[in-house]
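Take a look at the structure below.
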2 protein chains.
Amino acid sequence: MPETPRRPVGLSGTRYGNRPTMKDVAARAGVGLKTVSRVVNGEPGVTPETERRVQEAIDALGFRRNDSARVLRKGRTASIGLVLEDLADPFYGPLSRAVEEVARAHGALLINGSSAEDPDREQELALALCARRVDGLVIIPAGDDHRYLEPEIKAGVATVFVDRPAGRIDADCVLSDNFGGAREGVAHLVAHGHRRIGFIGDMPRIHTAAERLRGYRAAMEDAGIPVEDAWMSLGATDPGRVRRAAEEMLSGPAPVTAVFSGNNRVTVTVIRVLAEQARRVALVAFDDLELADLLQPGVTVVAQDAAAIGRTAAERLFQQLDGTLVAPERIELPTRLITRGSGELPPAD
Amino acid sequence: MPETPRRPVGLSGTRYGNRPTMKDVAARAGVGLKTVSRVVNGEPGVTPETERRVQEAIDALGFRRNDSARVLRKGRTASIGLVLEDLADPFYGPLSRAVEEVARAHGALLINGSSAEDPDREQELALALCARRVDGLVIIPAGDDHRYLEPEIKAGVATVFVDRPAGRIDADCVLSDNFGGAREGVAHLVAHGHRRIGFIGDMPRIHTAAERLRGYRAAMEDAGIPVEDAWMSLGATDPGRVRRAAEEMLSGPAPVTAVFSGNNRVTVTVIRVLAEQARRVALVAFDDLELADLLQPGVTVVAQDAAAIGRTAAERLFQQLDGTLVAPERIELPTRLITRGSGELPPAD
DNA sequence: CCCGCATCTGACAACGTTGTCCAGGCCCTA
DNA sequence: TAGGGCCTGGACAACGTTGTCAGATGCGGG
């Protein structure tokens, strides 16, 4: 994605086009303004004859109700905002879709934006959405301080954090069991005889990355294996860096015999590197991949259910709006270990 | 994605929360309404001292400008709508992200919705977006009649169709060269000695599917190969159907020796089926896949550049809004044949 | 024939912002 | 010191809709 010049989110320029309003319709139909409103909204108390005249005028003028004005009057926008990291990431597509589906079921539209993992951009987006008066906000946090949302939440904007917890405020959040999933995945490798197990993850300032790392450490400790620094790579997930990290831990006198990959972006690079190795290196990856079962060997993964996460978050959001909920809660969804071969390879010393 | 109950897109319920308005800020700062507006919008003509007082009041009250009201007044929403088929589809993620990026560069937000390939839902969504007075609309059509948009376009809503052309109206559209790409892909198989080549595509009522089929036929005709009905499957792309179709054309006395797969959903199933076959069957697939190069053999694909398509469409949309454009145009973006092995397999008769 | 009631309709204010325009105060100059 | 111009600030209308409320109309019964 190319860097595009930034311009503050806001309005500019002049009015485009000229649309008929209810007033125009009323004039044409020879009725009052409110009668048009009644017809448009299907309210009772309009004679069939009057309704027909109004409907005709509507059709003739191509009138369409202006929901902006409606929003202003009613105070609700019937739209929710979704701030995520990158819509192009295969993990967020299904998540976003699930949120949209729930929103749709509640008659709401979805506005979304990508933070590109930039806390400032996350804040800018979230506040822009609040300025639009979205009824609720689903946020996949990039930053770790969300106090800027306090006035919004106080003002009634329903808010659910997803994938990573909110920072420095008390709010609903829906997470995967990153710790448990990673621990299970690494334990799986241990169970297949591995002791020198590498971990390649994202920057630990990202909650999921930190939790998965913690899971890795826990599993190793459970197995009584002291972890060596050379086995861990915690940093950016660009292919170059991951490749170097992988190659490094696969070389030397005591190379790792298995790798635990911390997320889907890391995984694709790791798979490439492993495919180039002479010896077979075991792999368990966090996040599922579309063709994981067709590779040789199939990739054993710790799968998150992105759709379930999105659905849960959105449902909770609307529960907040319904007033069903009282206290913020932290919901952790389980992960699922799917064995396909790569995680069951024995150590090749 | 589970089917969710439908509810018409619209507003309901009562106002949530109570937010401070400019009036409140003005009262607290002891200034006039318009002065607050000036400060909020960074307009000139306010003494530093007054500005400070206003800013204090804003911070104290947690005021945030209500963009709904602003929209109503200014007539522009600084938001564009994107109607696509399914956000969870890996082809649309990058496309959506590219549109968002361009929108962001123009200070606009992106509202998007999935049509789920349902024409009614497409229309419902598009009109809901128009009611929100989006400045522009990027549509990946599900239906083939878009006359319902005529009043909107006349009223000044910029509109660009993507991936498939508009139906029965004259509008900008940005497409891949589906015909050329498919023709090239099939010709590639012919060049490697194949004559019995299967085609598994989507329903021909979908423009891209029809074009790719046309490309297939053209390439076969170029090669002087009469196409047999048994070699073609044109229907839904659910795994079951695709699997049956593939297995059918791979059996019998004169099975196909190569398959051209019409889109990414078809491809994943076809790959599975081919992997189960005793003999090696060549494959060229329309649409690239994330791990295509890591499979055995690597999958030869005709790749579309989803990001470029999205970017082009969005840029054209904003050109419409700038008044730079005059007549609707049809833009076709080239595809790219990427050889990775599966398309270069010789026929195994 | 008139009253009461039910039904239908429309005038008007309000939502929160921005654009227009004018008032008042200040400073500078004659 | 009076007059003119400039700068700051505010009153008011307007954007297009919906909620409130009261007026108009029609009909049946007393």
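Side chains included, hydrogens not; waters and symmetry mates left out as well; all remaining heavy atoms used. Reminder, nothing fancy here: chain letters follow the sequence lines and each chain counts from 1.
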Any chance CG of B/D145 has more than 12 other-residue heavy atoms, nucleotides or ligands included, within less than 6.0 Å?
-> yes
When rounded to the nearest 0.5 Å, the distance separating CZ of A/R73 from CG of B/L72 is 12.5 Å
Taking D/dG9, C/dT20, C/dT17 as options, the one with an atom nearest any side-chain atom of B/T21 is C/dT17
Checking D/dT18, C/dC15, C/dT17 against the side chain of B/M22 (C-beta onward), the nearest is C/dT17
Handout entry: Donor + acceptor pair across side chains of A/T77, A/D135 (<3.5 Å)
Key = yes
Rounded to whole Å, CZ of B/R53 lies from P of D/dT8 at a distance of 14 Å
Output for pair (B/F161 CZ, B/I139 CD1), nearest 0.5 Å, gives 4.5 Å
query = When we call it a touch if two heavy atoms are under 4.0 Å apart, what does B/G45 touch: a base, just sugar-phosphate, or nothing?
reply = sugar-phosphate
Against the side chain of B/N41, the closest entry in D/dT17, C/dT18, D/dT8 is C/dT18
Whether A/K34 contacts D/dT17 is assessed here as follows: a side-chain N or O lying under 4.0 Å from the phosphate OP1 or OP2. Is that the case? no
Requested in this report: Check if the side chain of B/R19 and the base of C/dG16 share a donor-acceptor pair of N or O atoms closer than 3.5 Å.
Outcome: no
Computed from five pairs at either end and rounded to 10 degrees, the angle between the axes of the helix from C/dC1-D/dG30 to C/dA30-D/dT1 is 70°
* Heavy-atom neighbours of B/N41 CG exceed 12 at 6.0 Å -> yes
Atom CG of A/D24 and atom C1' of D/dC15 are separated, to the nearest Å, by 13 Å
So what does A/V40 hit on the nucleic acid, given a heavy-atom distance under 4.0 Å: a base, only sugar-phosphate, or nothing?
nothing
From the candidates D/dT17, C/dG19, C/dC8, the one with an atom nearest any side-chain atom of A/N66 is D/dT17
Looking at C/dC8, I'd like to know if its phosphate oxygens (OP1 or OP2) sit under 4.0 Å from a side-chain N or O belonging to A/T47. no
Here the distance between atom P of D/dG9 and atom CD of B/E51, to the nearest Å, is 10 Å
Can you check whether A/T35 has a side-chain N or O nearer than 4.0 Å to OP1 or OP2 of C/dT9?
no
query = Under 4.0 Å between a Lys/Arg side-chain N and an Asp/Glu carboxylate O for B/E315 and B/R311?
reply = no
Side-chain contact check for B/R65: nearest option of C/dT17, D/dG16, C/dG19 is C/dT17
Rounded to whole Å, the CZ-P distance (B/R73 to D/dG16) equals 10 Å
When rounded to whole Å, the NZ to C1' distance for the pair B/K23 and C/dA14 reads 9 Å
Result for 5'-nearest mapping on DNA chain D, choosing between B/R133 and B/T50, is B/T50
B/L72 atom CG is separated from D/dA13 atom P, nearest whole Å, by 17 Å
The residue among A/E122, A/R168, A/Q123 that forms side chain to side chain donor-acceptor pair (under 3.5 Å) with A/Y148 is A/E122
Rounded to whole Å, CZ of A/R76 lies from C1' of D/dG19 at a distance of 18 Å
Notebook entry, point to check: So, do B/R132 and A/S79 sit near enough that their side-chain heavy atoms are less than 4.5 Å apart?
Noted result: yes
Whole-Å distance, A/R70 CZ to D/dG19 P, equals 8 Å
